[in-house]
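These notes are about the structure you will find just below.
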Amino acid sequence: MSALKIQPLGSRVVIKPLEQESKTPSGLYIPETAKEKPQYGVVVAVGDSEDIKLKVNDKVLFAKYSGTEFKLDGQDYLLMECSDVLAKILE
């Protein structure tokens, strides 16, 4: 992945939302109109605040309607306060 051309300020992070699976575990396909807004993603940039406990490539769970959506180089991203991130997904 190339370096992101944006640097969030303060305690903000940039997240690349991960899309919901288009097929259920039982094999049923979910139409685009029935998919919910993503609630998890990957951190791609972090602000300069020392209070941020996240780092690039962390998978996170965030509030459903949080953050500001924007596009950069044809890719969708979310810019949000670090406090809107609910949890880090451990693998």
Non-hydrogen side-chain atoms of [X] and [Y] separated by less than 4.5 Å:
{"X": "F62", "Y": "D84", "value": "no"}
{"X": "L54", "Y": "V85", "value": "yes"}
{"X": "Y77", "Y": "I6", "value": "no"}
{"X": "T68", "Y": "F70", "value": "no"}
{"X": "V60", "Y": "Y40", "value": "no"}

Exercise. Quick one: does E81's side chain have a donor or acceptor within less than 3.5 Å of a partner on V13's backbone?
Worked result: no
For this session: Show your working on side chain to side chain contact (heavy atoms under 4.5 Å, CB included) between L78 and V14 and close with a plain yes or no.
Result: CA-CA 6 Å; L78 285 169; V14 177; over 6 Å; no
Exercise. Yes or no on side chain to side chain contact (heavy atoms under 4.5 Å, CB included) for V43 and N57, after CA distance, side-chain angles and deciding distance?
Worked result: CA-CA 5 Å; V43 175; N57 293 325; over 6 Å; no
For this session: State the CD1-CG distance between I89 and L18, to the nearest 0.5 angstrom.
Result: 8.0 Å
Exercise. How long is the span from the NZ atom in K16 to the CG atom in D76, to the nearest 0.5 Å?
Worked result: 10.0 Å
Which heavy-atom pair separates [X] from [Y] by the least distance, and what is that distance?
{"X": "G47", "Y": "Q7", "result": "CA-NE2, 3.9 Å"}
{"X": "K5", "Y": "D73", "result": "NZ-OD2, 3.5 Å"}
{"X": "I15", "Y": "V44", "result": "N-CG2, 4.4 Å"}
{"X": "P8", "Y": "L79", "result": "CB-CD1, 3.9 Å"}

For this session: Give the C-alpha distance, both sets of side-chain angles, the deciding distance and a yes or no for side chain to side chain contact (heavy atoms under 4.5 Å, CB included) between R12 and V46.
Result: CA-CA 6 Å; R12 292 177 183 85; V46 295; over 6 Å; no
For this session: Please lay out, stage by stage, how K59 and K88 fare under the test side chain to side chain contact (heavy atoms under 4.5 Å, CB included).
Result: CA-CA 6 Å; K59 287 187 180 178; K88 191 184 322 186; over 6 Å; no
Problem set entry | Pairs flagged by salt bridge (Lys or Arg N to Asp or Glu O under 4.0 Å) wherever residues 41-51 is involved - sequence neighbours left out | none
